[in-house]
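Data first, discussion second: the structure below is written as structure tokens.
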Amino acid sequence: MFTALLDSCVLWPSTQRNFLLSLAFEGAYRFVFSEAIIEEVEVNEERKRIKRGDSEQDAAKKALHLSTQLRLHFPDAIVKNWEGLDGSYGLPDPTMNTCWPQQWSVEREV
């Protein structure tokens, strides 16, 4: 079984989060995340809820509930002592002279 790091960008959309957690529950893979990722999910969930019309208090309560559930039900998925690796993977590639949009943009004929 392989292990995948689930970043906040895949944990925050609720349908996607539910799908990915369901796959893990069925044994398709093992997932991990960090406290920093959970906190980012909580912040973004609160912002989304406010944008959709919840009061700040209700939004904060619902976002906290989500992060609490992730911690409660998946304690073995929380990676610890990862901070020394943050930024160690060298993105973007220092040998490239262009940024992402220029390098990877596709020109279309009109």
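Here Arg71 pairs with Glu35, Ile38, Glu39, Glu42, Ser67, Ile78 under the side chain to side chain contact (heavy atoms under 4.5 Å, CB included) rule; sequence neighbours left out. Judged as a side chain to side chain contact (heavy atoms under 4.5 Å, CB included), and not counting sequence neighbours, the contacts of Val43 are Arg47. Partners of Ser55 according to the side chain to side chain contact (heavy atoms under 4.5 Å, CB included) rule, which considers only residues two or more places apart in sequence or in another chain, are Gln57, Asp58. The side chain to side chain contact (heavy atoms under 4.5 Å, CB included) check on Ser14 picks up Arg17, with sequence neighbours excluded.
Heavy atoms of other residues, nucleotides or ligands lying less than 6.0 angstrom from CD of Gln69 number more than 12.
Here CG of Leu23 is found 11.0 Å from CG of Asn18. Values are rounded to the nearest 0.5 Å. Distance check: Leu66 CG to Asn44 CG gives 11.0 Å after rounding to the nearest 0.5 Å. Lys48 contributes atom NZ, which lies 10.0 Å from atom NZ of Lys62 (distance to the nearest 0.5 angstrom). Rounding to the nearest 0.5 Å gives a distance of 9.0 Å between CD of Glu40 and OG of Ser34.
Among residue pairs with one or both ends in residues 31-75, those qualifying as ring-ring contact (aromatic ring centres under 6.0 Å, His included) are Phe31-Phe33, Phe31-Phe74; sequence neighbours excluded. Sorted by first and then second residue, the ring-ring contact (aromatic ring centres under 6.0 Å, His included) pairs with a member in residues 1-26 read Phe2-Tyr29; sequence neighbours excluded.
Of all non-hydrogen atoms in Pro13 and Ser8, the two that sit nearest each other are CD-O, 4.4 Å. When all heavy atoms of Ile50 and Ala59 are compared, the pair lying nearest together is CG1-CB, 3.5 Å.
Under the side-chain contact (heavy atoms from CB on, under 4.5 Å) rule, Ile37 has a single partner from Leu70, Leu5, Leu6, Val32, which is Leu5.
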